[in-house]
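Everything on this sheet refers to the single structure shown next.
All values below come from the heavy atoms of this structure, side chains included, with hydrogens, waters and symmetry mates left out.
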Amino acid sequence: MQIPTWTKPALLGAAAGAVVLAIVGFSSYGGWVTGGTAQEMADKAGNDVGTQIVSALCVKKFVAAPGASMQLAKLKEAKSWDRDNFIEDGGWATIDGVEDSIDGVADACADQLAAMDELPAAVMAPEAAEAPAVSG
């Protein structure tokens, strides 16, 4: 039996196409990852959520502290690379009962606070909030 001359290039082209399709389809372009990469992604997402939750608690703790308005002014005056140290030194980034600090909490807390134009009155401590005017 005689094999046509076009068969060899057609088979080589099909094999090369299959290899390219496998590389593109199973790489990050296709969304497929290994189990180890998926675990790393899940761990990072969990850490990010933990950082967000604790930084929200940090902001609430900062705002509720006496003299929060003055502290916010000092925070805004600090250099951006020193703000996390300011938050850590103030003790706002710590959680009672947890010895280790969570990475990124002080940075996230400082960024959220520095972005505020003024402190929200709803969560401020009674001595830090202004007393309402009484008519009468």
Side-chain angles (χ1 to χ4, degrees):
M1 178 167 155
Q2 191 72 356
I3 299 176
T5 56
W6 58 267
T7 306
K8 184 177 180 181
L11 292 175
L12 288 175
V19 169
V20 169
L21 182 63
I23 291 171
V24 171
F26 292 106
S27 70
S28 61
Y29 298 113
W32 291 67
V33 294
T34 64
T37 302
Q39 186 63 47
E40 288 175 14
M41 292 169 66
D43 291 344
K44 184 180 180 325
N47 289 338
D48 290 349
V49 168
T51 300
Q52 290 174 357
I53 290 170
V54 177
S55 67
L57 294 173
C58 171
V59 169
K60 186 175 180 179
K61 197 175 189 182
F62 182 95
V63 171
S69 296
M70 183 181 67
Q71 293 296 338
L72 182 62
K74 287 181 182 179
L75 176 72
K76 287 186 175 192
E77 289 174 3
K79 303 289 185 202
S80 61
W81 57 85
D82 283 336
R83 289 178 178 166
D84 59 337
N85 293 333
F86 182 83
I87 295 296
E88 288 173 354
D89 292 344
W92 299 293
T94 59
I95 298 177
D96 295 336
V98 177
E99 292 180 18
D100 296 334
S101 64
I102 300 172
D103 291 337
V105 169
D107 284 328
C109 182
D111 290 345
Q112 289 175 24
L113 288 166
M116 292 181 181
D117 291 330
E118 60 184 34
L119 295 174
V123 292
M124 290 175 56
E127 63 273 359
E130 293 183 28
V134 178
S135 62

Per-pair distances, 0.1 Å, donor-acceptor, side chain in residues 73-81, under 3.5 Å, sequence neighbours excluded:
unit_1, atom_1, unit_2, atom_2, d
Lys76, NZ, Met116, O, 2.2

Would you mind writing out the side-chain donor-acceptor pairs for residues 105-113 within the sub-3.5 Å range, not counting sequence neighbours?
unit_1, atom_1, unit_2, atom_2, d
Gln112, NE2, Ser55, OG, 3.3

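Listed here is the closest heavy atom pair of Leu72 and Phe62: N-CZ, 3.5 Å. Shown here for Gln71 and Phe86, the closest heavy-atom pair between the two residues is OE1-CZ, 3.1 Å.
Every residue was checked against the salt bridge (Lys or Arg N to Asp or Glu O under 4.0 Å) condition with Lys8, not counting sequence neighbours, and none meets it.
One side chain, Asp43 or Gln39, offers a donor N or O that lies under 3.5 Å from an acceptor on the other.
Crowding of Asp103 atom CG: a count of heavy atoms from other residues, nucleotides or ligands under 6.0 Å not exceeding 12.
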